[in-house]
Amino acid sequence: MRVFLSLFCLSLATLSWTQSAQQKFLEAKQAYSSRNFAQAVADFTPLVADQTFGAYATFYLALSKHKLGDHKGALDAFGQLQIKHPAFKQMEEVNFWRAYLYFTVADYVNGVQLATSFPDVETRRTLYAEFLSNQPYATLRELHNRFPADAELVTALAYTGVRTDLSDQERTFISSLITTTDLPSIAGDNFPVIKKERYTVAALLPFMFDGVENADRVMRNTLVMDLYQGMCLAADWLAQEGKHVDLLPYDTRKDKEQTVQILNDNGIKNADLIVGPLFPEPIEVVNEFSKQHRINVINPVTSNGKFFESNNLAFIHKPSYKTMARKAAEYMAATARRSEVMIYFENKSPDRELAEEYTQAIQEMGLRVTKFEPVDVVESRKILARFTHQIEQTLGITDEEAALLKYKGRLIRTRSKYDAAGKLILRPDGTPDIEYYELIFTLNTDSLDHIFAATRSNVIANNFVGALEFNPDSVRLLGLSDWLDFTMLDYKQLERQRVSLIHPDFVDKNNPFYQEFQRRFEARFKRMPSTFHLLGFETVWWAGHMMHAHGKYFQNGFFNKNDFPSVFYGHEFLPGGNDNQRVPVVQFQDKQLKEVNISNESNDK
């Protein structure tokens, strides 16, 4: 009997410790998710020896040290994880972070050695683009000597080689490398460095201008005029820096034939850059013209990757829908506390494309998609009813306390009180006694981390936000920046729920560069700048700086990620890439919209 009691007490103690360790792990994970990395290090450290949570505690301990800048400590922690937990399920991710850290501390040999083991070539390519693209040719040559079979390293070496002043012997080696390996794009993308004192930028936009007598038509097309006005202001600012850009406006009128006539003008064939056009038929003929005459073309307003898919000289100022989805998934995965995701979308472009790309990306990052469904206004109510339920919680509070809770947004209701026999309880004055209760909505899942609602519908977005309003499980919601324009949504509600929004046009209004731009803009034009003013300005300002730094083919500068000038949006183009990789994810904090994935690299980098 004593043996039985001893074993029973031991099992209780073990259970108590397991529950205690679980609580400590959750507290540590919360510190990590809140980006309190110093506290996370302190909380995870005593858990690394725990039999149940030790592996994951070590994993997050390493990441927390990395975030604090202790890269050597992070490497040591990951090394211990591999030794003590060789069967850890996320060992591929461990190897990624070890490689990333080796690159961070400039130990390129160990970084490349680990990267060559990655099953995903795209991951290796991204790492090389970030860390090796701006390394000198000699460094890459030495790495190639050590790892001659690494095709992505060969690509990086070839790209750097064709842009470096090499000896005849090394030039011959690079030429041989290009011709003897499957690198046709290297030879095709070997753009010469053509620098000028002044660069000509042709603006092919649908001004729809018929002359002074029909100027009201121009006034109605305010978005295009705002865009061009911003471009002109950028050219003025560049001139003040001694970097001259001459703008040549052409009216495409949204028409293919009109655009063809413009392209037959000899003047435009001497342009260094084309901005626009904005509509499909003119885009088609301009892309062909761009390829024929080797002229870069950039679209300042679209996120449609089809703009550049057939033309390696075509670029978009914004991120493509694919890039938006992937970058948002990186942030949501890095801050995830659970393992499951639900994805709903309007069954039309581009919402479906966003949802499909997000699904692929989030699954690659280790989360499980349990729902992938189209939704409309009617179905959004039915779908949400499937995984939410409502309970009524009685509150023993006063009228004053109830009023305060209502003011804070809680769903407080009243009802009559009954005794155990079901008889109505009356007050001394004969009126029914009442009690307060709260409506609480919960989710029928313990594993759901977040919902991505790819919709631009006011009603559908409101249904999702409303369903998760009083959600004690803290299931997160990811939406689109279009929601900020919806009249049915309250910004306070978005802040309470910490709703995240993909916002490619986000501008930090507290940025001193923006404030200076706004001051000068208002002084000149006596109005506030619109989003299209900012897009036009930043496109020309960025392109002007890039051309003056790297020549007519500004893509030669994509190899140095620290060399992307910006005033408002930020830019990051990958070598060989055609769309902006900068994708802000924003939340309301203290009544202000703030970017929460500041670095916009995989949020744990």
Side-chain angles (χ1 to χ4, degrees), residues 129 133-138 140 156-168 170-171 174-175 178 185-204 231-250 265-276 286 289-300 308 311-317 536-567 571-578 580:
S133 61
N134 58 353
Q135 292 302 310
Y137 176 80
L140 298 181
L157 175 63
Y159 265 115
T160 300
V162 297
R163 289 163 175 79
T164 304
D165 185 13
L166 300 174
S167 66
D168 291 342
E170 286 300 304
R171 180 66 64 186
I174 289 296
S175 297
I178 292 172
S185 61
I186 298 292
D189 292 348
N190 185 11
F191 301 106
V193 177
I194 302 174
K195 291 194 173 184
K196 301 180 178 181
E197 291 294 321
R198 309 182 74 95
Y199 291 91
T200 300
V201 176
L204 272 64
M231 293 168 63
C232 292
L233 191 58
D236 291 347
W237 277 36
L238 286 166
Q240 293 172 17
E241 298 179 18
K243 299 173 181 177
H244 297 283
V245 169
D246 298 321
L247 291 177
L248 298 179
Y250 293 90
D265 185 325
N266 287 330
I268 198 171
K269 295 175 183 177
N270 297 320
D272 301 298
L273 173 66
I274 296 173
V275 176
V286 168
F289 179 87
S290 162
K291 289 187 287 186
Q292 180 183 354
H293 295 279
R294 305 289 286 169
I295 301 173
N296 281 344
V297 56
I298 186 167
N299 188 309
F308 57 77
N311 181 12
N312 66 346
L313 290 155
F315 304 88
I316 58 177
H317 174 269
F537 179 92
E538 181 102 329
T539 299
V540 169
W541 194 87
W542 173 81
H545 272 283
M546 290 294 288
M547 287 190 293
H548 276 278
H550 303 285
K552 171 180 176 176
Y553 297 109
F554 51 67
Q555 55 267 52
N556 286 333
F558 288 2
F559 290 82
N560 186 353
K561 65 170 293 184
N562 298 315
D563 192 23
F564 292 113
S566 175
V567 175
H571 296 85
E572 183 182 335
F573 284 80
L574 296 176
N578 300 79
N580 193 355

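Residues: numbered from 1 along the sequence shown.
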Distance check, rounded to the nearest 0.5 Å: [X] atom [atom1] versus [Y] atom [atom2]?
{"X": "Asn270", "Y": "Asp265", "atom1": "CG", "atom2": "CG", "value": "9.5 Å"}
{"X": "Phe289", "Y": "Lys269", "atom1": "CZ", "atom2": "NZ", "value": "6.5 Å"}
{"X": "His545", "Y": "Glu241", "atom1": "NE2", "atom2": "CD", "value": "4.0 Å"}
{"X": "Ile298", "Y": "Leu313", "atom1": "CD1", "atom2": "CG", "value": "12.5 Å"}
{"X": "Thr539", "Y": "Ile316", "atom1": "OG1", "atom2": "CD1", "value": "11.0 Å"}
{"X": "Tyr553", "Y": "Ile295", "atom1": "OH", "atom2": "CD1", "value": "7.5 Å"}

Subject >> Step-by-step side-chain contact (heavy atoms from CB on, under 4.5 Å) determination, Gln135 to Thr160 >> reply: CA-CA 8 Å; Gln135 292 302 310; Thr160 300; over 6 Å; no
Looking only at non-hydrogen atoms, find the nearest pair between [X] and [Y] and report the distance.
{"X": "Ala543", "Y": "Leu273", "value": "CB-CD2, 3.6 Å"}
{"X": "Ala234", "Y": "Trp541", "value": "CB-N, 3.7 Å"}
{"X": "Met231", "Y": "Ala203", "value": "CE-CB, 3.7 Å"}
{"X": "Ile268", "Y": "Ala202", "value": "CG1-CB, 3.9 Å"}
{"X": "Gly276", "Y": "Val297", "value": "O-CG2, 3.0 Å"}

Subject >> Passing candidate, side-chain contact (heavy atoms from CB on, under 4.5 Å) with Val201, options Leu247, Leu248, Ile274 >> reply: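 Per the side-chain contact (heavy atoms from CB on, under 4.5 Å) rule, the option paired with Val201 is Leu247, out of Leu247, Leu248, Ile274.
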Could you tell me whether a side-chain N or O of [X] sits under 3.5 Å from a main-chain N or O of [Y], the two making a donor and an acceptor?
{"X": "Ser290", "Y": "Val286", "result": "no"}
{"X": "Asn580", "Y": "Glu572", "result": "yes"}
{"X": "Asp272", "Y": "Lys552", "result": "no"}

Original post:
When Tyr199 is tested against each of His550, His244, His548 for ring pair (Phe, Tyr, Trp, His ring centres under 6.0 Å), which residue passes?
Top reply: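 Exactly one pass, corresponding to His548.
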**OP:** Any chance you could lay out the side-chain contact (heavy atoms from CB on, under 4.5 Å) test for Phe573 and Trp542, step after step, and finish with the verdict?
**Re:** CA-CA 12 Å; Phe573 284 80; Trp542 173 81; 3.7 Å; yes
**OP:** For Glu197, look at atom CD and say whether over 12 heavy atoms of other residues, nucleotides or ligands are found less than 6.0 Å away.
**Re:**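 No, CD of Glu197 has 12 or fewer neighbouring heavy atoms, counting only those of other groups under 6.0 Å.
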Original post:
Passes side-chain contact (heavy atoms from CB on, under 4.5 Å), Lys196 versus Ile194? Steps please.
Top reply: CA-CA 7 Å; Lys196 301 180 178 181; Ile194 302 174; 4.3 Å; yes
Subject >> Worked check of side-chain contact (heavy atoms from CB on, under 4.5 Å) between Asn296 and Met547 >> reply: CA-CA 11 Å; Asn296 281 344; Met547 287 190 293; over 6 Å; no
